[in-house]
Amino acid sequence: MSTRWSCSDGLTFNGMKQELEELLRAALAGLAGGILTEAPVASSVVVERTRDAQHGDFASNVALRLAKPAGRKPRELAAAIVAALPQSPLIRRAEVAGAGFVNFYLAPEAYARELAAIHERGAAYGGSTIGRGERVLLEFVSANPTGPLHVGHGRQAAYGATLGNILAASGFAVEREYYINDAGRQMDILAVSTWVRYLEVCGEQLPFPQNGYRGEYVLPLARQLQAAVGRELRRPATEVAAGLPADAPAGDKEIYIDALIERARLLIGGDGFARVLALSRDAMLGDIRGDLAEFGVVFDHWASEAALADSGAIDHALAVLEAQGRLERRDGAVWFRASEFGDEKDRVVVRENGQKTYFASDIAYHLQKRERGFERLIDVLGADHHGYVARVRAGLAALGQPAACLEAPLIQFVSLYRGAEKIPMGKREAQFVTLRQLRAEVGNDACRFFYLMRSHEQPLDFDLQLAKSRSNENPVYYIQYAHARVASVMKQLAARGLSFDRTEGLANIGRLAASHEQAVLGSLTQYPEVLEQAAVSRAPHTLAHYLRELANAFHSYYNAEAFIVADPPLRNARIALVLGVQQVVRNGLALLGVSAPESM
RNA sequence: GUGCCCGUAGCUCAGGCGGAUAGAGCAUCGGCCUUCUAAGCCGAGGGUCGCAGGUUCAAGUCCUGCCGGGCACGCCA
């Protein structure tokens, strides 16, 4: 007994809502040629949960929407729809209400069947095929390997990982990718930062470049370098500093650090510098990778920008643009006429000095994603990157790809608080809070949940005090507690020498007529709808909100009724219900990357 | 200046492809543990959904303008 079976077009039903919509479509098709001149488009047929139980379990506004084009009164049309509804064991009663709503009152059988589906499908319950196997490349975090991840990256990691889970559960063929920006000047700056710290460790005294990476994390890199090469790359401070332009504030920090990088290459050779760079990069990447893995965030691919460049992909993309006549030389640089493809202005792809810009590698990278066979490209970006999307879309369009295949959820910033006090955070300053520190302080579960409980489109105030509190103020524990409580009920059941009879329980779901039981059934069976909504809207936070509501319905029920009662059919029905709650809570928390403890 | 996002209860936020009486948590106040975990439950108070127009049978939701806040606008990465 399951709610999933094939219907005529090969789709599978997913939850009660889809079944009702199918019934409604059948009714409307039956009216075509009569009260309706033609059958309405399928997407306009929508059934929604009612806010008020007085309006039944589900309601549809189709009659209101179709009344005008059909030239009928809404209530008249609604009545015709009700009359044309096919017989279904799911529907106890359907009626016209209000201005012309069709309200559906479900039969107990509908809930019994859905609950049975939860028991049967277990961890797979809630999943669907709405993605139709679409190949999605989900790129997220992609932080430069020039320092540890900070709390902002953490939010992107939590969002991306959970979105990936939700899409995978919804029938998308999703692959997760981290793009490593390991080419370009920033890596040189990291390398020179490591080298200067190394010289300090060796005993040389020289000023640290203003534009270098000043974070504490560079010191271990320097020590690692020393352990690897001894004094081989040590050079006297006087030789390093001789004849360099002034650093900020007197001089220009950019000019200074470029000169310093050049000096380093001269003194320790290109090979020596490459060695420092590789060690620094690998150490940082190792740190990032380990951090993410501990956070439960794993990637299918780690794509290297340097490797992309070496493969000739950038030259390939530029050649295609050239062949299409989309490039032009201006002021010694090569420009892509992005404004012809919806961008606000043209963009440089090759600078006057001959170096390709980041934008050039970005469009090459996105072209390559398409050429790898991905239909949909999702870039999870920090909110400050919003200008970037139109640019890359323009590039894709010019390369013959559909611009709409790229979507970019923008993740708003995170502010850290301790209670009411805001923790200041600099960008390149040494004072940022790392993801590692945050996780160590509040734990992975609270961290994941707090990152995901707000819409990603909304700036997040992350209160460390609240996340750490092991109290009723903390929503994570509230949900986990529901899971643990069910486990506890099962232990009690065993302790009393009783066992759960699932068949009897599912056969007696009709006995669960109390208001709290109806509320739990109602909330529980919404899970497939919530998951679908979260997938379609790329909105994991709806899942977090839903789990809170489900836990709330459960806790109320727990306080109102004893589950382990003497009457076996009723007892088994109640336990079937709360086991269903436990299963859905576990499934939902798993998608969010939060553990579901058996006891608390 | 231009573009994007945001403005909902004292605080933090859901709801936003229009739909029935606008929700939740926290905070405040008042109740519930001899019975499956009180990290829980029940109840109360708290709102001109920034302002002004418009579209519609119906607007927190769509459109326009304004006010207020955030972010982005390099031959940086």
Side-chain angles (χ1 to χ4, degrees), chain A residues 43-44 46 48 50-52 54-55 59-61 64-65 67-68 73-74 97-101 103 144 146 181 183-187 189 211 254 305 330-335 344-345 347-359 382-390 410 412-413 417 420 428 453-455 457-463 466 469-482 484-493 495-496 516 536-537 539 541-542 544-546 548-549 551-552 554-565 571 574-575 578 599-600:
Chain A
S43 61
S44 73
V46 175
E48 287 178 326
T50 55
R51 200 180 303 160
D52 188 336
Q54 287 181 354
H55 300 134
S60 178
N61 63 355
L64 287 155
R65 300 177 89 85
K68 196 165 216 176
K73 289 179 180 165
F101 293 98
N103 290 348
N144 294 340
T146 54
N181 288 115
R185 196 169 77 112
Q186 68 198 339
M187 293 311 298
I189 295 176
N211 203 31
E254 307 280 355
E305 184 195 6
R330 205 189 301 162
D331 308 326
V334 180
W335 296 70
E344 55 186 284
K345 53 179 125 173
R347 307 286 175 182
V348 171
V349 287
V350 184
R351 277 182 266 159
E352 197 173 357
N353 65 10
Q355 289 201 327
K356 289 158 203 136
T357 61
Y358 256 59
F359 176 58
D384 53 339
H385 283 69
H386 64 71
Y388 165 99
V389 183
L410 300 174
Q412 297 290 330
F413 294 142
Y417 286 79
R428 265 200 179 180
M453 64 195 249
R454 297 276 116 91
S455 162
E457 295 171 325
Q458 205 68 234
L460 176 66
D461 290 336
F462 195 123
D463 185 345
L466 180 59
S469 76
R470 316 215 150 231
S471 75
N472 55 350
E473 297 171 19
N474 196 325
V476 191
Y477 297 115
Y478 186 84
I479 296 166
Q480 290 180 320
Y481 188 38
R485 267 185 152 174
V486 178
S488 176
V489 168
M490 296 312 285
K491 280 179 212 141
Q492 269 298 319
L493 189 72
R496 295 183 196 183
H516 286 103
V536 169
S537 305
H541 74 281
T542 56
H545 283 274
Y546 164 75
R548 212 208 173 275
E549 281 166 25
N552 180 232
F554 169 77
H555 286 309
S556 295
Y557 181 34
Y558 184 96
N559 275 269
E561 311 278 354
F563 307 148
I564 303 174
V565 292
R571 181 178 70 232
R574 287 181 171 171
I575 289 173
V578 298
S599 70
M600 291 177 72

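Everything numeric here is computed off the predicted structure, so don't read it as measured data. Lettering follows sequence order; numbering is per chain, from 1.
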**Message:** Using a 4.0 Å heavy-atom cut-off to protein, can you give one letter per nucleotide of nucleotides 56-62 of chain B, 5' to 3': B if the base is in contact, S if only the sugar-phosphate is, - if neither?
**Reply:** SB-----

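- For A/Tyr546, the ring-ring contact (aromatic ring centres under 6.0 Å, His included) test picks out A/Tyr527, with sequence neighbours left out.
- Residue A/Asn103 places no side-chain N or O under 4.0 Å from the OP1 or OP2 atom of B/A20.
- Checking the phosphate oxygens (OP1, OP2) of B/C41, a side-chain nitrogen or oxygen of A/Tyr478 falls inside 4.0 Å.
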Just the table, please: protein N/O against nucleotides 67-69 of chain B N/O, every pair under 3.5 Å.
none

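- Under a 3.5 Å cut-off, the side chain of A/Asn552 and the backbone N or O of A/Arg548 do not form any donor-acceptor pair.
- Judged purely by atom type and a 3.5 angstrom limit, A/Thr357 has no side-chain atom pairing as donor or acceptor with the backbone of A/Val350.
- Between A/His55 and B/A20, a base-stacking contact is recorded: ring centres under 5.5 Å apart, planes less than 30° from parallel.
- Nucleotide B/U12 holds its P atom 18 Å from the CZ atom of A/Arg548, rounded to whole Å.
- Rounded to whole Å, the separation between the P atoms of B/U61 and B/C17 comes to 11 Å.
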For nucleotides 1-6 of chain B, list the nitrogen or oxygen atoms of the protein found under 3.5 Å from its nitrogen or oxygen atoms, one pair per line.
residue: B/G3; atom: N2; partner: A/His386; partner atom: NE2; Å: 2.8

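- Regarding A/Arg485, its CZ atom lies at a distance of 13 Å from the P atom of B/U35, rounded to whole Å.
- Side-chain N/O atoms of A/Arg347 include none lying less than 4.0 angstrom from OP1 or OP2 on B/C75.
- Regarding A/Asn474, its CG atom lies at a distance of 12 Å from the C1' atom of B/C26, rounded to whole Å.
- A gap of 39 Å separates the P atoms of B/U55 and B/G25, to the nearest Å.
- With A/His545 contributing its side chain and A/Met453 its backbone, the two residues share a donor-acceptor pair below 3.5 Å.
- At B/C42, one or more side-chain N or O atoms of A/Ser556 fall inside 4.0 Å of OP1 or OP2 (strictly under the cut-off).
- No donor-acceptor distance shorter than 3.5 angstrom exists from the side chain of A/Asp331 to the backbone of A/Ala333, with no hydrogens or angles considered.
- Counting only Watson-Crick or G-U wobble pairs whose defining distances are both under 3.5 Å, the stems of 3 or more consecutive pairs in RNA chain B are B:1-7 with B:67-73, B:10-13 with B:23-26, B:28-32 with B:40-44, B:50-54 with B:62-66.
- A straight line from CG of A/Leu460 to P of B/C71 spans 16 Å, rounded to a whole angstrom.
- Ionic pairing of A/Glu254 and A/Arg185 is present here: one or more N-O contacts between side-chain nitrogen and carboxylate oxygen are shorter than 4.0 angstrom.
- The backbone N or O of A/Glu457 lies less than 3.5 Å from a partner atom in the side chain of A/Ser455, making a donor-acceptor pair.
- Base orientation of B/C33: syn, since the glycosidic angle falls within 90° of 0.
- Taking atom C1' in both B/U48 and B/U8, the straight-line distance is 12 Å, to the nearest Å.
- Taking atom CZ of residue A/Arg185 and atom C1' of nucleotide B/C76, one finds them 7 Å apart after rounding to whole Å.
- Remark: A/Phe101 pairs with no residue by the ring-ring contact (aromatic ring centres under 6.0 Å, His included) rule, at least two apart or across chains.
- Aromatic pair A/Tyr558/A/Phe563: centroids less than 6.0 angstrom apart.
- Residue side chain A/Phe101 meets the stacking definition with respect to B/A20: its ring centre sits within less than 5.5 angstrom of the base's six-membered ring centre, and the planes differ by less than 30 degrees.
- Look at the C1' atom in both B/U21 and B/C62: the space between them is 23 Å, to the nearest Å.
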